[in-house]
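Here the structure comes first, spelled out in structure tokens, and everything after it is commentary.
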Amino acid sequence: MSEQSATLGREDVAHVASLARLALTDEELDRFTVQLARVIDHARDVAALDVAEVEPTSHPVPMRNVLRPDVVGECLGRHEVLAAAPECEDGRFKVPRVIGEAP
Amino acid sequence: MSGPSTGWEIVVGLEVHCELQTKTKLFCACPNAFGDEPNTNVCPVCLGLPGSLPVLNEQAVELAMRIGAALHCEVRSSSFHRKNYFYPDMPKDYQISQYDQPINVGGYLELPDGSRVGIVRAHIEEDTGKTSHRGESGRIHSADYALVDYNRSGVPLVEIVTEPDIRSAAQARAFVAELRGVLVAAEASDARMEEGSLRIDANVSVRAEGTEQLGTRCEIKNLNSLRSLGLAIEHEAARQVAVIDAGGRVVQETRHWDEQGGRTVPLRSKEEAFDYRYFPEPDLVPLDPDADWKARAAAGVGMLPAERRARLAALVGSPTSQQTDQLQAAVDQGLDDLVVAAVEAGAPAGLALVRAVNELAVDLVAARALDPGSFAALLQLEESGALSPTQAKTVLATLRDAGGGDPGAIARSKGFEALAEATLEGVVRDVVDAHPDEWARYLAGDDKLAGFFTGQVMKATSGKANGKAVAGALRRLRG
Amino acid sequence: MSAREIARAVRAGERSARGVVEESLAAIAERDGEVHAFLLVTGDEARSAADAIDAAVADGRDPGPLAGVPVALKDNLCTKGIPTTCASRILEGWRPPYDATVVTRLRRAGAVVVGKTNLDEFAMGSSTENSCAGPTRHPADPSRVPGGSSGGSAAAVAAGFVPLALGSDTGGSVRQPAALCGTVGVKPTYGAVSRYGLVAFASSLDQIGPLAASVEDAALLLEVIAGHDPLDSTSIAQAAPEVTASLDVGVAGLRVGVCDELVEGTAPDVVARVQQAADALVDAGAHVTRVSVPEMRYGLSAYYLIAPAEASSNLARYDGVRYGLRVPASDVAAMNVATRTAGFGPEVKRRIMLGTYALSAGYYDAYYAKAQRVRTLLIEAFSRAYEQVDVLLGATAPTTAFPIGERVDDPMAMYMSDVCTIPSNLAGHPAISVPFGTGDDGLPVGVQVLAPALEEARMFQAAAAIERAAPAPGSGTK
């Protein structure tokens, strides 16, 4: 499928929802598919441009080598850190069991 | 359990994560420290709190460039990307890492046996926090819940990725051992596997000997010792060969080294395929070290293990294979500086090497602090025959414990006065007279009896006789 | 009373900061039930801060250039110990353990924070309807939106609750509500104001900016909050621009380009005001021409790829592990899903999914990477335009304030509200919206002045001239 005819479909929305850790009802899936497809369709003007020779801009104002000296500063107090935690135990953040390992 | 059966070749590439020994974390001013109380070395940045922003640690960049220089990499302009995936010990649910523009590319590491392992890249990234799984069995999959500590979150890492140039478990171990030496020499990392400051993933595949095509690889995670690394590679290669021999195909997957079970096991398959959605980190700007900074970083690399071995080899002359092992051991144990200094002070190189790796290695801390002049003086006494090897070792132990001293004085205080030549001749004659049968057989050509007579002389002199001098006396009596 | 006048009077001991703050709090208490500009009014903190300023004045110490001036903060700016919600359920109850750099600078300048203002959830929206706490209403017409996403801050200034407020502008979120509410709104050069402590929406586009009743007050506030911050790697290593000095310079000889792309497709009554502002600049001695920056036409598309992409990553951290909402589930991944599904509103979900799509394998090159290249084209096009003119002039928003509910079910129509403001964010350039009369419906119209990076002084020079020529409120276009 060429970029021009590519339109975002229901499976795409289901896939990105899963990547983004969001659950959608069937009704939401239908509605979001229509809405997101409209935005992606609008973006076809950009997708169709031949800009291979143009450098991408990831920072609007070019800068380089912004560095910090290796000097220890202040940390937060543990009480302060854990005060925000939905659940904690033994000075650590408590979460339900973890299935699978970090990639 | 051994490696794969003959006819197969193991192909291994390693990914080594090493923590840099900076004072602070990669993107914030929290201490980079191991073993503190959980969640005490944290701030808004390394906790990924809303609104916080990263600022790059200059020293982390310098250490990364040192590693690059030590591994003969090209140090380049680089940038940071976000690697997006959810995991509770990653506070932002993305990791800041280098992706298509890493700081170091294309180097190599030469191992003591002369083989070279290519380095694809060595890039900077941040470490995650630590998840402890809690529950009945203590195992991940049956845990009831987990606890997360973010002290390690944001600690600077360099990930070193090798070419698939490694051909055996032994070579993989040698690579990591050598790499540790390099990292320590560069003062870039303490490289302690037991503390997790050096962590290894191995990509293992097998192929029929003589073929070029790489086999399907499996990535083995959680290799936290040289022993695990070697065993895991051997087991994984054997497993793959067994799969192929049984008519199956190796499936590309991530596997876990099960230390207790002594096998690799597949990690539970994920519900979702990983799609890291890398994109340039908008909160950081490109890194473009100038030539001066690169040169300063390269100058910060201390003498590398290979250079240290070469320096010892040059002192020895043309080392025997035993001496090659000894000089590697001396470098690994950090005793090579002592040996070199002792030789400069007049000690014979070969003897210095032997005494260092055999006798001094019992207490490395004391040995490294030993005065090289005292060590050299002792070795000269031994070399000249004034002290027997046994006596010399005894004096050396005293020197080592004291950090130095006058070996002659120590020898005298222990009664190790070398026997006068005339006295020795008399003792030898007495021993010969006491054992006429043995003497006859010795005269008839049974040379092994020289050892017997030497032993008898030593006994008679309470070990004060010098072995070489006894041998000379025996030869003279034999005529 | 203007911020400048309040600060002068407080520093001179003619007025007490406490008195000023009490007036502000009273106005909020009286009318904010209707407007709903504030999510949180911090009356106690404000009173004690005001008392401290009065004590300083009594001691002969100078509390700073904003002494005693009540300020409202958009609720995506971190305030130590004070809830910061981003108008999202997912951050319910979270109290940041630190102040944003701009908040620190405001306090140091003697300003008094009176509360946190409403916004579209995580600043995603153009109407302040996407708030978990309900919409903010336009102070002049409660059936209409105040614009967004900094609608609470714009409404707070327009309603006279506070003379100054801070918002954040990712695609127009300060300028568009400023235009709709009839206040001044500034988007500084990217990197001029530290983002440290601004809860990120789209990191390469976000900038904090002032909202004020006058150009002068906006300039005063910008000078306080701008300037290098070592905590933000993208902060420009320069002192704050001295913009107040440029207010009285005038525009004689200034080359102003009325930008085709910033009037095309906007409502005729809005276009008429832009033309009127241009005429006023001619009268004041400026050279006004028409210019075109055709690459602006790609702005909306590029923006709605880049901003959601960055947002999808920035909002991953709301996972129920460390702070904010947690919806329990049997394992951590299920807990993440349950929490995020319950905690985010539909617009945030839309943008997260859009951005995830734009970054995902197989689409990155076609969408995200291309949008970043289009950004380069746009910057180059701006550079060509700025060879001919010193500043660009156009509309801030295509229409005046629209009715509540009109665009909520049509995201694309809502996104079009930002078409005139987005190009400055993509380029990182500064822009300002200045109120200039009203539309046919009697609601405020804003005209926008755009300038090259770091040329805030030039931008304020033109803005002040436009403000001086602005029709009195309520006068028609005819």
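Residue numbering restarts at 1 for every chain, and letters A, B, ... go by the order of the sequence lines.
Looking at A/Val66, both its backbone and its side chain come within 4.5 Å of chain B, counting heavy atoms on both sides. Of the atoms belonging to B/Thr128, not a single heavy atom falls under 4.5 Å from chain A. Heavy-atom distances place no part of B/Thr254 under 4.5 Å from chain A, backbone and side chain included. Contact annotation for B/Ser77: neither backbone nor side-chain heavy atoms come within less than 4.5 Å of a heavy atom of chain A. Heavy atoms of B/Leu26 lying under 4.5 Å from chain A belong exclusively to its backbone. Only the side chain of B/Tyr276 comes within less than 4.5 Å of a heavy atom in chain A; its backbone stays farther off. Heavy-atom distances place the side chain of B/Lys221, and not its backbone, under 4.5 Å from chain A. Using a 4.5 Å cut-off between heavy atoms, B/Leu287 touches chain A through backbone and side chain atoms alike. Residue contact with chain B, scored on non-hydrogen atoms closer than 4.5 Å, is absent for A/Ala85.
No hydrogens or angles considered: a donor-acceptor pair under 3.5 Å links the side chains of A/Asp70 and B/Thr24. A donor and an acceptor atom, one from each side chain of B/Tyr145 and A/Glu89, are located under 3.5 Å apart.
The pair B/Asp36-A/Arg78 does not meet the salt-bridge criterion, since no charged nitrogen lies less than 4.0 angstrom from a carboxylate oxygen. Note on B/Asp288 versus A/Arg64: salt bridge recorded, some NZ/NE/NH1/NH2 to OD/OE distance being below 4.0 Å.
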For A/Arg68 and B/Glu58: C-alpha separation, side-chain torsions, deciding distance, then whether side chain to side chain contact (heavy atoms under 4.5 Å, CB included) applies. CA-CA 6 Å; A/Arg68 174 179 67 75; B/Glu58 183 171 23; over 6 Å; no

